[in-house]
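One structure is given below, encoded as structure tokens.
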There are 2 protein chains.
Amino acid sequence: MGSHYTGDSEQQRALDCFIKLLRATESVNTEVHKSVYAEGLSESQFGILEALLHLGTLNQNQIAKKLLKSGGNITLVIDNLVKQGLVSKEKRSEDRRFYWIDLTDKGRRLIEHLFPRHAENIEKRMSVLTPEEQMQLGELCRKLGKNNKQ
Amino acid sequence: MGSHYTGDSEQQRALDCFIKLLRATESVNTEVHKSVYAEGLSESQFGILEALLHLGTLNQNQIAKKLLKSGGNITLVIDNLVKQGLVSKEKRSEDRRFYWIDLTDKGRRLIEHLFPRHAENIEKRMSVLTPEEQMQLGELCRKLGKNNKQ
DNA sequence: ATGAGATACTTTAATATTAAACTATTACGC
DNA sequence: GCGTAATAGTTTAATATTAAAGTATCTCAT
């Protein structure tokens, strides 16, 4: 009876875990993107080029959903990529609400050069963990990301 | 012989794990801060108020190191907090290079009200994982954050 | 004491990010 | 067909973020 454990220790464990998750993610993410920054690309710009490389032509709405960003944000990042001549942006006759975004030759060369290095960086950085630990971490993140509560 | 496994599968596991880590962290972090946004505070502003609550008076350099942000960033966020009357910023006679930052009464009331709710949010959100899973995740993140390689 | 270098902070220019209000185009129920 | 909804994208205002260059102050070796 009466042993309803409103424990601070439960909360403390959650806070600990949360802060470690934030810090580790920030650290890994920053390091992994170093070769991207070195090419004068921002993380967002790289994300869009990568999506276009792997998925082909996309409209801005599709890109926004894929990268979990707002529409206004995509408008701006795309326009900066257009200025750098890395992507093209054009309306077609079908549905005049859409802009279709695609890699230019220059953009394709850049992302085809960068992506393999990026993947190697991730592999190298994640190899601090054993393969088993990586599987474990992936599974915990999958479960955490789903948010069954609420 | 020759079974040096340069496997794509190793890389694929690392990429999978990495992307799940990013997504889960982003999801948890955004949700957890909802009550902060609802009070009209940004995440950065909240972070500074929280540091001041738990550590007392700090100078901007200490805050920058604590939150892993650039000095220029702290200057701006602090100035916005000053405008809102939530923190004070003053030079003292000792070493005139430092600005000392502290909570105002208004700031203290706000963060003392907000922090417990924030901690509850984290506890609730993290409880998607069992206590054992939280310990595991914390440990994996600790290991990952250290970056033994390189 | 003084001058070189370290330390704390600011400013600027660029990019990112969102919410909210806006324009343009299409879809659809009647 | 027409008016209302929905959809795609833009713009604006606010905040965040960094690197790099700049200012002010202090430290310390000579």
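Below, read A as the first sequence line, B as the second, and so on, with proteins coming before strands; counting in each chain starts at 1.
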Tracing side-chain links under 4.5 Å among I, L, V, M, F, W and Y, which residues wind up in one group with A/Ile19?
none
Tell me the partner of C/dT15, counting only Watson-Crick (N1-N3 plus N6-O4 or O6-N4) or G-U wobble (N1-O2 and O6-N3) with both under 3.5 Å; none if nothing fits.
D/dA16
Roughly, in whole Å, what's the span from CD1 in A/Ile63 to P in D/dG9?
9 Å
Under a 4.0 Å N-O cut-off, is there an ion pair linking B/Glu139 with B/Arg142?
yes
In whole Å, I'd like the distance from the NE2 atom of B/His33 to the P atom of C/dA19.
15 Å
May I have the distance from B/Glu94 (atom CD) to D/dT27 (atom P), rounded to whole angstrom?
11 Å
Any salt bridge (Lys or Arg N to Asp or Glu O under 4.0 Å) involving residues 74-90 of chain B? Give me the pairs, sequence neighbours left out, ordered by first then second residue.
B/Asp79-B/Lys89, B/Glu90-B/Arg92
Is there a donor-acceptor contact under 3.5 Å linking the side chains of B/Gln84 and B/Asn80?
no
Could you write nucleotides 9-18 of chain C as a row of B, S and -, 5' to 3', where a protein heavy atom under 4.0 Å of any base atom gives B, of only sugar-phosphate atoms gives S, and otherwise -?
SBB---SSBB
Is there a Watson-Crick or G-U wobble partner for C/dT26 with both distances under 3.5 Å, and if so, which one is it?
none
Any donor-acceptor pair under 3.5 Å linking the side chain of A/Arg117 with the backbone of A/Val36?
no
Does C/dA8 fall in syn (glycosidic angle within 90° of 0) or anti?
anti
Strictly by modelled atom types, are B/Thr57 and B/Asp102 linked by a side-chain donor-acceptor pair under 3.5 Å?
yes
